[in-house]
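Single-structure report; data block below.
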Amino acid sequence: MIYLHKILPTFVLPIMLVIIVILIGLIKNKKKLIYIAIGVLYIISTPIFSNNFFKLVEGSEYRKPISTIDSADAIVVLSGMLEINEVGDSTYVEWGDPDRFFGGIALIKAGKAQKLVFTGGKMPWDKAKKTEGEILKEYAISNGIPSDKIIVTKNVENTADEAVAVKELISPSKRIILVTSAYHMYRAKKLFEKQGFIVIPYKVDYKSERNKEITIIDFLPSADYLKITEIGFREIVGRFFYLIKD
């Protein structure tokens, strides 16, 4: 099922739709379609479009000071920030977006909860023996968090799995501080609330630039900003999927 969740959205994302329109234009000899596709590709690759579009996905609220976050029974940090490579007896970790990890660490050090939960993110195609949660637990301990305050869930493949796995460890009526990327919070919060949790959101890993002066650079296409646009569209597809699923 996870393969379908990862593959199917690809066919409704902008880059695939642009490719399809170009192919149709070539097959039907419709140059107008090709020009339209190229124009769309240009627009969605520009910083000015990507940044403003992603602001809508992330929400207008920016990162809150930890002092304003209410206390809870547990802090739950979602997976999705590491690439784990095991070579022989050695494990090498490549960090993607470490904000989730450091956000969770800062919250528990501030006394916002007595338990820190990491989810055991691991895809079927991942060859590493350890889950992301197990690796994060090791890093948390090295950052001064006592091991008895840290919980790692069973293996999970997506956000819905994470909510169910946390429910198996913590009473669903409990208050949790949910730590995840800003663009992912809307969907994650809904899924955890569906499992009965009282969720206090703590958004991190903002990808949109705020209070930025517009320059000529913002109108030049970039592969980096095309990637951000794609992440935003994929998140919207994910929200729509769970909406119709319910």
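All figures in this text were calculated on a predicted structure; none of them were measured in a lab. Heavy atoms only: backbone and side chains are in, while hydrogens, waters and symmetry mates are out.
Ile231 and Leu56 are members of different hydrophobic clusters when ILVMFWY side chains are connected at heavy-atom separations under 4.5 Å. Under the 4.5 Å side-chain heavy-atom criterion for grouping Ile, Leu, Val, Met, Phe, Trp and Tyr, Val237 is connected to Val40 within one hydrophobic cluster. At a threshold of 4.5 Å between side-chain heavy atoms, the hydrophobic network of Ile, Leu, Val, Met, Phe, Trp and Tyr places Val57 and Ile15 in one connected group. Criterion: ILVMFWY side-chain heavy atoms under 4.5 Å apart, direct or through other members. Under it, Val179 and Ile141 are part of a common hydrophobic cluster. No chain of hydrophobic side-chain contacts below 4.5 Å, direct or via other Ile, Leu, Val, Met, Phe, Trp or Tyr residues, connects Ile24 to Leu17.
Under the 4.5 Å side-chain criterion, counting only non-hydrogen atoms from C-beta, Leu33 is not in contact with Ile22. Counting heavy atoms from C-beta outward, Lys115 and Ile75 have side chains that stay 4.5 Å or more apart. Between Thr180 and Arg100 there is a side-chain heavy-atom pair separated by less than 4.5 Å. In this structure the side chain of Ile145 reaches within 4.5 angstrom of the side chain of Lys109, judged on heavy atoms. By the 4.5 Å heavy-atom criterion applied to side chains, Leu191 and Gln195 are not counted as neighbours. Side chains of Ile69 and Leu107 form a contact here, defined as non-hydrogen atoms less than 4.5 Å apart.
Sorted by first and then second residue, the ring-ring contact (aromatic ring centres under 6.0 Å, His included) pairs with a member in residues 218-239 read Phe53-Phe233; sequence neighbours excluded.
In this structure a side-chain-to-backbone donor-acceptor pair under 3.5 Å is missing from Asp99 to Val204. Side chain of Lys207 to backbone of Tyr183: no donor-acceptor contact under 3.5 angstrom is found. Between the side chain of Glu83 and the backbone N or O of Gly96 there is no donor-acceptor pair closer than 3.5 Å. Between the side chain of Thr159 and the backbone N or O of Ala188, no donor-acceptor pair lies under 3.5 Å. Counting only distance, with no hydrogens or angles, the side chain of Arg210 and the backbone of Ser60 share a donor-acceptor pair below 3.5 Å. Checking side-chain atoms of Lys112 against main-chain N and O of Gly104 turns up no donor-acceptor pair under 3.5 Å. Side chain of Lys203 to main chain of Ser181: no donor-acceptor pair is present (N/O by atom type, distance under 3.5 Å, no hydrogens or angles). A donor-acceptor contact shorter than 3.5 Å is absent between the side chain of Thr153 and the backbone of Ala165. With hydrogens and angles ignored, the 3.5 Å screen pairs no side-chain donor or acceptor of Glu94 with any backbone N or O of Ile84. In this structure a side-chain-to-backbone donor-acceptor pair under 3.5 Å is missing from Asp97 to Asp205.
The two atoms that bring Glu209 and Lys55 nearest to each other are O-CE, 3.2 Å, heavy atoms only. Closest approach of Ala72 to Ile200, counting heavy atoms only: CB-CD1, 4.1 Å. For Arg239 against Arg187, the heavy-atom pair with the smallest separation is N-CD, 3.8 Å. Minimum interatomic distance between Ser71 and Gly111 (heavy atoms only, all atoms of both residues): OG-O, 4.2 Å.
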**Item:** Evaluation steps, side chain to side chain contact (heavy atoms under 4.5 Å, CB included), between Ile135 and Glu138
**Value:** CA-CA 5 Å; Ile135 295 292; Glu138 294 174 2; 4.2 Å; yes
**Worked check of side chain to side chain contact (heavy atoms under 4.5 Å, CB included) between Leu226 and Leu41** = CA-CA 8 Å; Leu226 176 60; Leu41 181 61; 4.3 Å; yes
**Request:** Could you give me the CA-CA distance, side-chain angles and deciding distance for Ile198 and Lys174, then say whether side chain to side chain contact (heavy atoms under 4.5 Å, CB included) is met?
**Result:** CA-CA 6 Å; Ile198 301 168; Lys174 298 290 187 180; over 6 Å; no
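Scored by the ring-ring contact (aromatic ring centres under 6.0 Å, His included) test, Tyr202 finds no partners at all (sequence neighbours excluded). Here Lys122 pairs with nothing under the side-chain hydrogen bond (donor to acceptor under 3.5 Å, both in side chains) rule; sequence neighbours left out. A search for salt bridge (charged side-chain N to carboxylate O under 4.0 Å, His left out) contacts involving Glu230 returns nothing, not counting sequence neighbours. The ring-ring contact (aromatic ring centres under 6.0 Å, His included) search around Phe102 returns none, not counting sequence neighbours.
We find the CG-OG distance between Asn158 and Ser79 to be 11.0 Å, quoted to the nearest 0.5 Å. Remark: Lys137 NZ to Glu134 CD distance equals 9.0 Å, nearest 0.5 Å. In this structure, CD on Gln114 lies 7.0 Å from CD1 on Ile108, to the nearest 0.5 angstrom.
The aromatic rings of Phe101 and Tyr139 sit perpendicular to each other, their planes meeting at more than 60°, with 30° as the lower class boundary.
With side-chain heavy atoms closer than 4.5 Å counting as contact, directly or through intermediates, the hydrophobic cluster containing Met185 also holds Val76, Leu78, Val117, Ile151, Val166, Leu169, Ile170, Ile176, Leu178, Phe192, Phe197, Val199.
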